[in-house]
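In this text the structure is predicted, and so the values were computed from the model without any measurement. When a ligand or atom number is given, it counts from 1 through the structure's own listing order. Below, all heavy atoms of this structure are taken into account, side chains as well, without hydrogens, waters or symmetry copies.
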Amino acid sequence: MLGSATGPRIGITGLGTHVPERVLTNDELARIVDTSDEWIRERTGIRERRVAAEEEALTDIALPAARAALADAGVPAAEIDLLICATVTPDMMFPTSSALLADALGMPKAAAYDLLAGCTGFVYALAQAYGMLASGLSRCALVVGGDVLSKILDWDDRSTLVLFGDGAGAVVMEAVDHGGFLGFELGADGGGGEHLWLPGSGSRRFENPNGYVKMNGREVFKFATRIMVYSAEQILSECGKTVADVDVYIPHQANKRIIDYAADKLGIPLGKTVVNVDRYGNTSSGSIPLALTDARAEGRLRDGALVLMTGMGAGLTWGSSLIEWTTNGRAT
Ligand code: UT7
């Protein structure tokens with residue numbers, strides 16, 4: 001799916017994140033599996049990640065992120081009429097985590113549902129909320145992206161254990177008087193689904209009850225380096241922009257080598273690229289909102305900045321979004 005925005009201007013007016021308190025370092029992982037700080041840093045760029053406590057599930061970390069986003073936007077929870085939660089680690093399959101969040105936040109008029117698109121979930125959810133807002137179905141949306149992958153990892157499997165972390169982010173989306181989303185490119189290739197999967201997690205449970213994340217790292221790496229470049233080029237061309245127009249590049253934070261490759265191939269200087277995989281690892285649906293928040297904290301999200309976000313992950317799925325950042329631009 002590829003398209004540029006033609007309807008009313010829809011932007012992001014609030015941003016919030018939350019990560020669990022517990023920091024897990026590479027050295028600590030090296031005491032659990034046969035790995036080393038040196039290997040992890042060289043092959044992935046990751047130095048540490050956050051992991052949820054035993055009794056912490058997705059909504060426990062998503063709730064503070066959602067509250068922060070609402071406060072940032074200055075929007076009362078009761079005004080939200082759409083809540084989409086992108087995650088592959090909901091508290092449980094149902095009730096949905098979005099319904100639980102809407103209840104906890106006090107959103108009686110919100111439609112709420114979870115969205116499952118691997119690590120690309122957040123970008124997919126932005127596109128969905130954009131469509132609902134631009135069509136007039138929704139007036140004010142909350143998009144949450146978060147995962148607690150530590151709960152579905154095999155803590156004996158070094159090939160996946162060292163890569164992931166837990167975290168969540170949320171954005172408020174509504175009409176803006178300038179800037180806003182310019183377009184989206186989204187895709188999926190189930191043919192590559194076998195390279196990153198969670199056995200025993202659905203109605204095929206009978207084949208492998210209580211499975212953990214499995215990944216063919218080299219295949220996902222090849223896919224990632226190709227698709228991050230393809231998707232970004234597609235959306236830029238669709239929106240009549242060039243790489244030189246991009247002020248802030250927010251790639252999915254899976255592996256520093258993938259980020260470097262994509263930025264280099266696209267011709268985006270590393271100075272414009274947001275990198276925080278060193279501190280959080282791959283937080284799946286939390287990755288892009290966490291990076292957005294870091295970009296803002298570093299003063300990079302000035303009014304009018306062209307922000308390119310690209311995600312990729314299980315499915316295999318991918319997606320890009322282009323937005324002209326708006327500060328204080330809520331339409332009246
Ligand atoms: O959101 C999308 C999610 N996934 C990704 O983006 C992952 C994409 N893939 C990757 O990032 C990389 O493929 C990895 C970081 C997973 C692996 O890096 P690599 O450079 O492709 O390593 P490799 O799989 O080719 O393995 C190289 C060696 C192997 O040993 P041999 O066969 O050469 O003796 C592995 O057994 O490294 C070994 N290895 C490790 N050694 C220490 C694999 N994992 C580890 C580890 N610690 N954690």
Side-chain angles (χ1 to χ4, degrees), residues 24-49 86-89 115-125 145-150 152-169 186-190 192-198 212-231 250-263 265 275-278 280-291 309-320:
L24 185 66
T25 64
N26 292 344
D27 283 335
E28 285 177 277
L29 284 175
R31 291 197 283 273
I32 301 172
V33 289
D34 181 15
T35 190
S36 65
D37 175 51
E38 191 191 3
W39 191 96
I40 301 170
R41 272 191 292 108
E42 263 177 25
R43 302 288 179 127
T44 72
I46 300 168
R47 285 189 290 113
E48 60 187 37
R49 72 286 295 140
T87 186
V88 296
T89 49
L115 188 152
L116 205 68
C119 299
T120 322
F122 185 75
V123 179
Y124 265 66
D147 272 303
V148 196
L149 285 166
S150 63
I152 57 167
L153 292 175
D154 178 351
W155 283 66
D156 291 325
D157 177 7
R158 68 178 182 175
S159 72
T160 50
L161 182 63
V162 304
L163 304 177
F164 298 99
D166 302 335
L186 305 174
D189 172 18
E194 62 186 6
H195 298 312
L196 180 49
W197 77 109
L198 182 58
Y212 294 109
V213 172
K214 302 270 183 212
M215 185 174 68
N216 181 342
R218 282 180 208 184
E219 287 303 321
V220 179
F221 192 92
K222 276 193 261 172
F223 160 75
T225 46
R226 178 175 58 80
I227 213 69
M228 297 289 288
V229 176
Y230 166 85
S231 182
I250 305 204
H252 172 45
Q253 307 287 311
N255 183 327
K256 179 72 163 54
R257 282 158 59 210
I258 296 173
I259 296 172
D260 287 349
Y261 177 91
K265 200 83 180 158
V275 180
N276 65 14
V277 68
D278 52 325
Y280 297 124
N282 179 350
T283 54
S284 187
S285 303
S287 150
I288 287 184
L290 280 170
M309 306 177 227
T310 300
M312 58 82 195
L316 300 169
T317 55
W318 65 92
S320 285

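Counting only N and O atoms by type, the side chains of Thr283 and Asp147 include no donor and acceptor under 3.5 Å apart.
For ligand 1, the atoms lying closer than 4.0 Å to a non-hydrogen atom of Val162 are 48 (N). Remark: ligand 1 atoms within the under-4.0 Å shell around heavy atoms of Arg43 are 19 (P), 20 (O), 22 (O), 27 (C). Atoms of ligand 1 found under 4.0 Å from any heavy atom of His252 (numbered from 1 in listed order, with element): 1 (O). Of all atoms in ligand 1, listed by their number and element, those nearer than 4.0 Å to a heavy atom of Cys119 are 1 (O). Within the listing of ligand 1, atoms 15 (C) sit less than 4.0 angstrom from a heavy atom of Thr44. Atoms of ligand 1 found under 4.0 Å from any heavy atom of Ala254 (numbered from 1 in listed order, with element): 6 (O). Residue-ligand proximity, Asn282 to ligand 1, at heavy-atom distances under 4.0 Å covers atoms 1 (O), 2 (C), 3 (C).
Here the OG1-CZ distance, from Thr44 to Phe164, works out to 11.0 Å after rounding to the nearest 0.5 Å. Note that the CD1 atom of Ile152 and the OH atom of Tyr212 stand 10.5 Å from one another [nearest 0.5 Å]. Rounding to the nearest 0.5 angstrom, the gap separating the NZ atom in Lys265 from the CG atom in Asp260 is 14.0 Å.
Of all heavy-atom pairs between Asp157 and Val33, the closest is N-CG1, 4.4 Å.
A salt bridge between Asp27 and Arg31 is absent, with no side-chain N of the basic residue lying under 4.0 Å from a carboxylate O of the acidic one.
For atom 34 (O) of ligand 1, no protein heavy-atom neighbour is found at a distance under 4.0 Å. There is no protein heavy atom closer than 4.0 angstrom to atom 31 (P) of ligand 1. Of the protein's heavy atoms, at least one falls inside 4.0 Å of atom 6 (O) of ligand 1. For atom 14 (C) of ligand 1, the protein comes within 4.0 Å by no heavy atom at all.
Closest protein heavy atom to atom 17 (C) of ligand 1: Trp39 CH2, 4.0 Å. Scanning the protein for heavy atoms near atom 4 (N) of ligand 1, the closest one is Met215 SD, 3.3 Å. The protein non-hydrogen atom at the shortest distance from atom 29 (C) of ligand 1 is Arg218 NH2, 4.5 Å. Arg257 NH1, 3.7 Å is the protein heavy atom nearest to atom 18 (O) of ligand 1. Distance from atom 16 (C) of ligand 1 to its nearest protein heavy atom, with residue and atom name: Leu163 CD1, 3.8 Å. Looking at atom 9 (N) of ligand 1, its nearest protein heavy atom turns out to be Gly217 O, 3.0 Å. Here the heavy atom of the protein found nearest to atom 38 (C) of ligand 1 is Arg158 NH2, 3.6 Å. Atom 47 (N) of ligand 1 has its closest protein heavy atom at Thr35 OG1, 2.6 Å.
Of all the listed residues (Phe164, Phe221, Phe223), Phe221 holds the heavy atom that lies closest to atom 10 (C) of ligand 1.
In this structure, the side chain to side chain donor-acceptor pair (under 3.5 Å) partners of Asp278, at least two apart in sequence or on a different chain, are Arg47.
Contacts of Met312 with ligand 1, taken as heavy-atom pairs under 4.0 Å, involve both backbone and side chain. Contacts of Val33 with ligand 1, taken as heavy-atom pairs under 4.0 Å, are absent altogether.
In terms of polar-atom proximity, Ser159 is not counted as a contact of ligand 1, lacking any N or O under 3.5 Å from an N or O of the ligand. Checked against a 3.5 angstrom limit, the closest N/O atoms of Asn255 and ligand 1 fall inside it.
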Exercise. Take Tyr280 and Arg49, measure what side chain to side chain contact (heavy atoms under 4.5 Å, CB included) needs, and give me the verdict at the end.
Key: CA-CA 4 Å; Tyr280 297 124; Arg49 72 286 295 140; 5.7 Å; no
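Although no hydrogens or angles enter the test, the distance criterion places no donor-acceptor pair under 3.5 Å between the side chain of Ser320 and the main chain of Thr310.
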